[in-house]
Amino acid sequence: MFDRKTIRRRRAALVAFVAASMVLITMSFSSGGPLGAIQRGAQDVVAPIETGANRALKPVRDLFGWLGDTFDAKDDNEQLRDEVAGLRKELATRQTARRDADQLRGLVGLRRTDGFPGATNPVAARVIARSPTVWYSSIRVDKGRSDGIRPDQPVIAAGGLAGKVTQVSGGSAQVTLITDSSSAVSAQVVPNGANGIIKPEVGKPDDLLLDFVQKGRRVRRGGTVVTSGFASDEVKSIFPRGIPVGRVSRVDLDEVELYQRVHLKPFADLRRIDFVQVLTKRPGARAGVPSP
Amino acid sequence: MRVGLLLLGAVVIQLSGLGQLRVLGGHFDLTPLVVGGVAYYAGSVPGAATGFAAGFLLDLLAAQTMGASSLVLCAIGYGVGRFRELRDPSHGLLPIPVGAAAAVGWVLAFGAVSFMLDVGTASVSGLVFREMVVTVVLDTLIALPLFGLVRRVIRPSLAVDPLERNRRRQSPRESGPLGLRGMEV
């Protein structure tokens with residue numbers, strides 16, 4: 001198809017172009033060559049043409065840019081939605097972990113307070129269910145008979161007394177809170193030692209009533225109320241002495257009534273309990289709280 | 001002269017407009033298509049010369065390493081021209097695969113050459129390959145009209161227009177057995 005001369009000329013042309021390219025590459029990498037100046041000069045010459053072409057093509061570029069941005073925006077939207085969902089999940093996890101940590105820290109701190117009964121062999125448990133009513137009456141925890149939990153064992157939450165165990169199954173237990181209408185806890189105000197019975201103001205988990213406090217022992221606002229661990233020959237309180245319950249918030253002094261009505265705010269936030277400790281062992285009498 | 005203006009226009013439009021036009025992460029690249037178009041209609045030696053000149057202009061105006069684009073584009077021009085000379089293609093849609101092949105050769109070979117010369121030991125991310133694929137697809141889409149435009153521009157300079165020659169070769173088939181129109185049996 002082609003004669004030898006043509007073939008030779010064609011190959012020679014290719015070799016010449018490749019060689020010229022290699023020479024250009026070599027010159028580019030040698031410092032101080034003329035190529036840099038030529039490049040700068042050529043760019044100066046062509047710059048006005050490039051500027052004109054750039055302006056002329058701007059509408060086309062904008063159109064394609066808009067189309068590209070639309071596609072990208074769709075992808076970005078999906079990506080950001082996924083990111084937001086992930087961050088929400090992470091935030092919820094972290095908030096839950098922080099709340100759990102606060103409550104566990106509170107439980108540990110409570111047991112270290114002065115006057116708290118020792119050797120109670122506490123069993124930590126997570127709240128797995130709450131009573132569906134609005135009366136904050138009971139909760140269910142994830143520890144049961146197999147963990148040494150028995151009925152009538154006291155239960156504490158971060159801050160103070162929470163209630164007592166009322167029903168136990170193999171792996172869970174029902175805890176009746178001190179805000180339940182059937183609850184009654186013998187308690188005393190420290191430091192003056194006035195005794196009474198803590199009863200709930202039903203429907204008000206932030207307000208407990210220390211009733212049957214004799215008028216002779218004047219109770220002041222701000223006093224701390226702890227379990228008294230009352231015991232006689234026939235009756236014995238199930239709550240050991242010295243568990244903090246709450247702080248006196250108000251005292252009603254009615255001339256007609258025989259007793260003072262002391263309102264107290266419980267230390268434990270009974271509306272938001274996630275962890276509790278069941279005191280599975282009854283301690284012996286312990287000093288630390290002044291006797292009445 | 002016509003080829004020179006065509007190359008200059010293509011390089012300027014490429015640098016000032018199309019190079020900045022991002023479509024799905026890639027961009028149109030006129031240079032290999034124009035070189036491929038000239039080589040497709042003019043042959044291997046003009047193709048190599050056009051490739052060298054286009055590369056020279058591109059490197060000159062884009063302030064790249066001189067000679068890198070020339071080396072790759074003259075090889076592309078030579079290859080496309082040789083394809084035309086050996087196969088003597090006549091199908092009207094052939095510019096599409098030829099343009100795609102030129103674009104593939106350009107993005108791969110130029111990527112490799114510039115990687116060796118300028119980039120060095122940096123790692124290559126998947127985005128580079130995505131951009132290469134998109135660029136090849138975009139070039140394939142515009143190959144047919146661009147080859148037509150190149151043919152229109154360089155036609156007066158062509159010694160022989162291969163498409164015209166093929167058409168002349170095919171014309172007797174349209175006539176009758178005696179070689180005269182209107183005498184079909």
Side-chain angles (χ1 to χ4, degrees), chain A residues 1-2 5-30 33-72 74-75, chain B residues 8-28 43-53 55-79 81-82 85-88 113-114 116-118 134 138:
Chain A
M1 190 172 174
F2 296 104
K5 195 178 170 188
T6 309
I7 294 171
R8 247 197 324 267
R9 210 167 52 199
R10 193 177 61 220
R11 286 179 182 168
L14 179 66
V15 169
F17 287 128
V18 171
S21 300
M22 302 300 276
V23 169
L24 282 173
I25 292 172
T26 310
M27 285 172 73
S28 288
F29 282 97
S30 61
L35 282 180
I38 295 172
Q39 271 184 322
R40 282 191 295 278
Q43 283 161 19
D44 287 342
V45 170
V46 182
I49 305 171
E50 282 185 328
T51 308
N54 195 13
R55 282 185 188 158
L57 290 169
K58 191 174 183 304
V60 182
R61 216 168 42 233
D62 288 347
L63 175 68
F64 277 89
W66 178 79
L67 288 172
D69 286 348
T70 307
F71 278 108
D72 289 347
K74 202 176 170 188
D75 288 346
Chain B
L8 183 66
V11 170
V12 168
I13 289 172
Q14 180 63 43
L15 292 179
S16 55
L18 288 183
Q20 302 163 34
L21 202 153
R22 311 300 294 181
V23 181
L24 302 173
H27 60 272
F28 293 100
S44 58
V45 175
T50 307
F52 180 82
F56 187 85
L57 272 176
L58 199 62
D59 291 338
L60 198 65
L61 300 182
Q64 298 175 148
T65 303
M66 290 295 293
S69 303
S70 301
L71 183 66
V72 176
L73 284 173
C74 80
I76 288 172
Y78 185 80
R82 285 299 292 152
E85 288 164 358
L86 292 173
R87 302 295 169 104
D88 198 13
V113 168
S114 51
M116 285 187 284
L117 292 177
D118 299 325
V134 175
L138 292 174

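Order of the sequence lines sets the chain letters (A, B, ...), proteins ahead of strands, with each chain counted from 1.
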Exercise for review: Go through the atoms of A:Ala42 and report whether side chain, backbone, both or neither lie under 4.5 Å from a heavy atom of chain B.
Suggested key: both

Review point. Which atom names give the shortest non-hydrogen contact between B:Ser44 and A:Arg10, and what distance separates them?
Key: OG-CD, 2.9 Å

Point to revise | B:Phe52 side chain reached by A:Leu14 side chain, heavy atoms, under 4.5 Å | key: no

Point to revise | Contacting moiety of A:Ile38, where chain B heavy atoms sit under 4.5 Å | key: both

Exercise for review: Name the option with the most non-hydrogen atom pairs under 4.5 Å to chain A; the candidates are B:Ala75, B:Gly55, B:Gly43, B:Ala49.
Suggested key: B:Ala49

Exercise for review: Could you tell me which portion of A:Ala20 (side chain, backbone, both or neither) has an atom closer than 4.5 angstrom to a non-hydrogen atom of chain B?
Suggested key: both

Point to revise | Selection from B:Leu61, B:Asp59, B:Leu57 maximising heavy-atom pairs under 4.5 Å formed with chain A | key: B:Leu61

Check your understanding: Of all heavy-atom pairs between A:Ile25 and B:Ala68, which one has the smallest distance, and what is that distance?
Key -> CG1-N, 3.7 Å

Review point. Taking atom CZ of A:Phe17 and atom CG of B:Leu73, what is their separation to the nearest 0.5 Å?
Key: 12.5 Å

Exercise for review: Could you check if a side-chain atom of B:Val45 sits within less than 4.5 angstrom of a side-chain atom of A:Arg9, using non-hydrogen atoms only?
Suggested key: no

Review point. Based on non-hydrogen pairs under 4.5 Å, which of B:Val72, B:Ile13, B:Val12, B:Leu8 is most in contact with chain A?
Key: B:Val12

Check your understanding: Can you tell me how far OG of B:Ser70 sits from CE of A:Met22, rounded to the nearest 0.5 angstrom?
Key -> 12.0 Å

